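Some notes on the structure that comes next.
Start at 1 and go down the list; that is how both ligands and their atoms are numbered. Remember, predicted model here, so these are calculated numbers, not experimental data. Reckoned from all heavy atoms, side chains included, excluding hydrogens, waters and symmetry mates.
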Amino acid sequence: MRIGIMGIGYVGLPLAVAFAEQGHDVVGVDVDPRKTEALTRGESYVEDIPSPRLQAVAHRLEATTRAASLSRCDAVLVCVPTPLTANREPDLGPLVSATRVLADVLQRGQLVVLESTTYPGTTRERVAPILEETGLLAGRDFHLAFSPERVDPGRSDYTLRNTPKVLGGLTESCGDRAEALYREVCDEIVRVSSPEAAELSKLLENIFRSVNIAMVNEIAMLTDRMGIDIWEVIDAAATKPYGFMRFEPGPGMGGHCLPVDPFYLSWRAREFDLTTEFIELAGKVNQQMPYHCVSKVERVLNEAGKPVNGSRIAVFGVSYKPGVGDVRESPALKIMALLGALGADIAYHDPHVPSLPHDDRRSESFDDALDGCDLALIVTAHPGVDHDAIAQRAPVVVDLRGVTRGTRRSVLL
Ligand code: SAJ
C-alpha cells in the first residue's frame, strides 16, 4: 500500500517507520521544512525513533511539505497537534488547516484516519464536513475513522506493535477498512461502535491519570503539613493486591497530553450543560504544585537561615518526566521561573536537555551544578543520575520525586 502521514512528529514518525518496515511506501507531509529536510537526510528528531532505524527504511519513506503527494495514497493518517489556546480551550487550527489541505487532494476510495487526541464529535462534525466539500461523501466515496495515538514517550516495553489499537469508523465499512490497515503494524485491534467512542476513550485514559495524579498531589500537600511521609504511605497502600493503583506526587504535570487533553472534554461538556468538576479540579490542583514546591524550598532555606534571594539553587531534571528530553509544559520550568523571580541564582543539570528552549540557560555538568550550591532541587529524576551523590554532597536537598528516601539527608515533597 501507499500510506500518507500528515504531521510527522512524535506520533506520525513512528507510524511512518512502522508501515515502511512492513514494506509499504510512505509519504510523510509536514508544514515544517526543517522536519522534512532532516528526514530526507536520514536524521530523526524523535527520541523513540533512532536515526539508523529511519535510515533503514529511507528507500520507502518520502518526506515533503507538498501535500499533492497524498493524492496517490491508499490511506492518509492525520497526526497533527491539537493544543489549547491561551484560554485553555481546544485549538483545532492545525487540524482544520490540515483537513482543508487534504480536501484539495482527496481521491475517491481513499481511507482517512484521524489520530490526534480531541473531543468526541471532531471526526464526524469537523473533519467529515470539510472533506465532503469536495462532493465526495464520507462512508460512501471515501472511508473515515478515528484511532487515537497511544504513544508513551520514553517507553520501550509497549510500542505501536503491542499496544492495542482502538478504532471507530464513521460506518462499519470505514471501520473494516481502517482495521485492515492497522493490522499491518498492530497486533491487536479494538473496534468500537463510533469515532466518538474512540475519541472519548483516549480522553478517558488521560483524564484518569490527571485526576489520580491530582488526588495524590493534594494528599502530598496535606501530609507535608501533617509531618507524614507521603512516600511511605503510598508504598504501604500499593501493597494492596487489588483495587489500588499507584500514582506518585510530584512537581506537577507536564507533557503535551495530560495538561491538555482533559480540557478538550471539559470544553465539549459545556455544550451539554455539564461542568466536568473532576477535570477542572484536577487541573487546578496540578497547576498548584509548582507553587507548593517553591514554598517548600523557601521553608527549607529559611530553616538553614538563608533567603531564596541570592541563594544558589541547583535543579536536577528539567524535562517533564524521567528518561525524555521533552520540556513542554514541564513543571520544572515554572518552578525555575518562580524561584528566579524570588532572586535565586539557578543552575540546572539534565542529561536529556542540553539547553532550554526559552532562554540561554545551558545544562551544567553534574559536578558544576552541585558544587557551591546552597540547595539541590530534584525535580525530574532521570535514570542514570546519581541522586544518592546529590544527597551526600549538597548542603541540603529538596527531593520532589522521593528518589533519595533512604538517605535521610533530604527533604521530601
Ligand atoms: N506524573 C506524576 N505522577 C505519576 C505519573 C505521572 O506526577 O504517578 C507526571 C509526570 O511526571 C509527567 C506527567 O504526569 O509530568 C505526565 O506523564 P505520563 O507518563 O503520565 O504521561 P505522558 O504525557 O508522557 O503520556 C501519556 C500516556 N498516557 C497514559 O499512560 C494513559 C501515554 O500513554 C499517552 O500516549 C500520552 O499521554 C498521549 O500521547 O496522550
* Asked: Short list, please: which atoms of ligand 1 are under 4.0 Å from a heavy atom of F247?
  -> 8 (O)
* contact_flag Y10 ligand 1 heavy-atom lt 4.0 Å -> yes
* Taking the inter-plane angle between the rings of H352 and H382 on a 0 to 90° scale, is it parallel (under 30°), tilted (30 to 60°) or perpendicular (over 60°)? -> tilted
* Please report which non-hydrogen protein atom sits nearest to atom 15 (O) of ligand 1, along with the residue it belongs to and the distance in Å to one decimal place. => Y320 O, 2.7 Å
* Any idea which protein heavy atom is nearest atom 29 (C) of ligand 1, and the distance to it? -> R209 CD, 3.2 Å
* **Residue among T99, V80, L95, V76 satisfying side-chain contact (heavy atoms from CB on, under 4.5 Å) with L114** => L95
* **Under 4.0 Å to a heavy atom of E149 - the qualifying atoms of ligand 1, by number** => 35 (O), 38 (C), 39 (O), 40 (O)
* Structure fact -> Within the 4.0 Å heavy-atom cut-off, what Y158 brings close to ligand 1 is neither
* More than 12 heavy atoms of other groups within 6.0 Å of F278 CZ -> no
* Asked: For atom 14 (O) of ligand 1, what's the nearest protein heavy atom and its distance?
  -> M253 CG, 3.3 Å
* Which ligand 1 atoms are under 4.0 Å away from a heavy-atom of R401? -> 7 (O), 11 (O)
* When you look for heavy atoms under 4.0 Å from ligand 1, do you find them on the side chain of M245, its backbone, both, or neither? -> neither
* Asked: Any N or O of G255 that comes nearer than 3.5 Å to an N or O of ligand 1?
  -> no
* Nearest heavy atom to atom 26 (C) of ligand 1 wins, so pick from N217, L258, L204, L203. => L258
* To do: Flag the pair P249 / I219 as yes when at least one side-chain heavy-atom distance between them is below 4.5 Å, and no otherwise.
  => no
* **salt_bridge(K321, D326) N-O dist < 4.0 Å** => no
* Which one holds for R246 and ligand 1: side chain close, backbone close, both close, or neither close, with close meaning a heavy atom under 4.0 Å? -> neither
* Asked: Does V151 approach ligand 1 within less than 4.0 angstrom via side chain, backbone, both or neither, non-hydrogen atoms only?
  -> backbone
* Asked: Just checking, any donor-acceptor pair under 3.5 angstrom between side chains of S116 and T118?
  -> no
* To do: Hey, can you tell me if F19 and Y182 have their rings parallel, tilted or perpendicular (30° and 60° cut-offs)?
  => tilted
* Asked: Hey, are R72 and D25 close enough for a salt bridge, meaning a charged N less than 4.0 Å from a carboxylate O?
  -> no
* Please work out whether the ring planes of H349 and F366 are parallel, tilted or perpendicular, with thresholds of 30° and 60°. => perpendicular
* Structure fact -> Here the atoms of ligand 1 under 4.0 Å from any heavy atom belonging to D261 are 40 (O)
* Which of the ligand 1 atoms, numbered from 1, are nearer than 4.0 Å to a heavy atom of K202 -> 34 (C), 35 (O), 38 (C), 39 (O), 40 (O)
* With R124 as reference, evaluate E196, E199, E132 under the salt bridge (Lys or Arg N to Asp or Glu O under 4.0 Å) test and give the passing residue. => E196
* To do: Go through E248 and R405 one step at a time and tell me if the salt bridge (charged side-chain N to carboxylate O under 4.0 Å, His left out) criterion holds.
  => CA-CA 14 Å; E248 299 196 343; R405 250 169 297 159; 5.3 Å; no
* Proximity winner for atom 7 (O) of ligand 1, if only heavy atoms of E248, K321, E205 are counted -> E248
* Asked: Any non-hydrogen atom of T117 lying under 4.0 Å from ligand 1?
  -> no
